[in-house]
Amino acid sequence: MARLDKIYLGTNTKMYKTISDTVAFLSELKELTADIDRTKMELFVIPSFTALEAAKRTVSDNSIKIGAQNMSWAEEGQFTGEISPIMLKEIGINIIEIGHSERRHVLGETDEEEKGKVLNAVKHDFTPLLCIGETLKQKDYGISDEILSMQLKIGLSEITKEQAKMLWVAYEPVWAIGVNGIPADEGYADEKHAVIKKTLISLFGEEIGSDIPVLYGGSVNNENAECLIKKPNIDGLFIGRSAWNADNFNKIIHAVIPLFFEKK
Ligand code: PGA
């Protein structure tokens, strides 16, 4: 698998950071990473809904892409509490995160719902960042590959080859995420990325499937980021806790970029 020509690095701030926290974080991150050529890196931050407008204003030069943590499968209607793609488009953000482990396992979203959200995102010209990953139980049963392939096949079932060019995928094993997470070792993560890439190729063909970036997420930190990014099938990192301090995130960013470009 050839290396992609860009590295993908981003964070989802979950239900942390107020509007002012987000603006301060983005301003600092923008300044710290100003030396990095954006044709070689997609840097993105996915803050809370209330912070989106201010976030977009803070990085209106697109040096850091902004995403939403969720979006409805519908455009408008009697769906109290949901957010429409039309509303997000108005803010001018780029990315929609879909199916994060906490949406699936804490808030009960299904693959069918993720499918509708992916479709709605591409229809409105957003980059859907589809998150997939197996639970510890599924890993113990030895069915991780089947679960990943199922999540992709259902989630992407209505996406055309043309629309697939807009897609990003994050592999985030449920057992590796958050304060109680055990980081996946880089060998295991790379093996699962290979399974994901194979499935994407089976869905969209060699040319389009192998160009879809697949990011690893789940307890990425200053210790394991370098080993992970050196792996052939890992195109980027999707980081939680270790990225919420701009200085620390910047340290990881600067450490992994040269290693990514050394890969064949
Ligand atoms: P973490 O979160 O890096 O804090 O484990 C990752 C994620 O939920 O995307």
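Counting starts at 1 for both ligands and their atoms, following the listed order.
Close approach of ligand 1 to H100 (heavy-atom distance below 4.0 Å) involves ligand atoms 7 (C), 8 (O), 9 (O). Residue-ligand proximity, S219 to ligand 1, at heavy-atom distances under 4.0 Å covers atoms 1 (P), 3 (O), 5 (O).
Counting heavy atoms of neighbouring residues, nucleotides and ligands inside a 6.0 Å radius, atom CD of E75 exceeds 12 of them. For N180, the CG atom is loosely surrounded, since the number of other residues' heavy atoms within 6.0 Å does not exceed 12. Around atom CD of E31, no more than 12 heavy atoms belonging to other residues, nucleotides or ligands sit under 6.0 Å away. The neighbour count for K89 NZ, taken as heavy atoms of other residues, nucleotides or ligands under 6.0 Å away, is above 12.
Under the 4.0 angstrom criterion for non-hydrogen atoms, G181 is not in contact with ligand 1. At least one heavy atom of G178 sits closer than 4.0 Å to an atom of ligand 1. Contact analysis leaves N12 out of contact with ligand 1, as no non-hydrogen atom separation drops below 4.0 angstrom.
Without hydrogens or angle criteria, Q69 side chain to P47 main chain gives a donor-acceptor distance under 3.5 Å.
Considering only non-hydrogen protein atoms, atom 3 (O) of ligand 1 sits nearest to G240 N, 2.9 Å. Taking atom 9 (O) of ligand 1 as the reference point, the nearest protein heavy-atom neighbour is E172 OE2, 2.6 Å. Scanning the protein for heavy atoms near atom 4 (O) of ligand 1, the closest one is R241 NE, 2.6 Å.
With sequence neighbours excluded, the residues forming a side chain to side chain contact (heavy atoms under 4.5 Å, CB included) with Y16 are K14, W244, listed by chain and number.
At a 3.5 angstrom cut-off on N or O pairs, F238 does not count as close to ligand 1. For the pair E102 and ligand 1, the shortest N or O to N or O distance does not fall below 3.5 Å.
Legend: ring-ring contact (aromatic ring centres under 6.0 Å, His included) pairs involving residues 185-237, not counting sequence neighbours, sorted by first then second residue: Y171-H193, W175-Y188.
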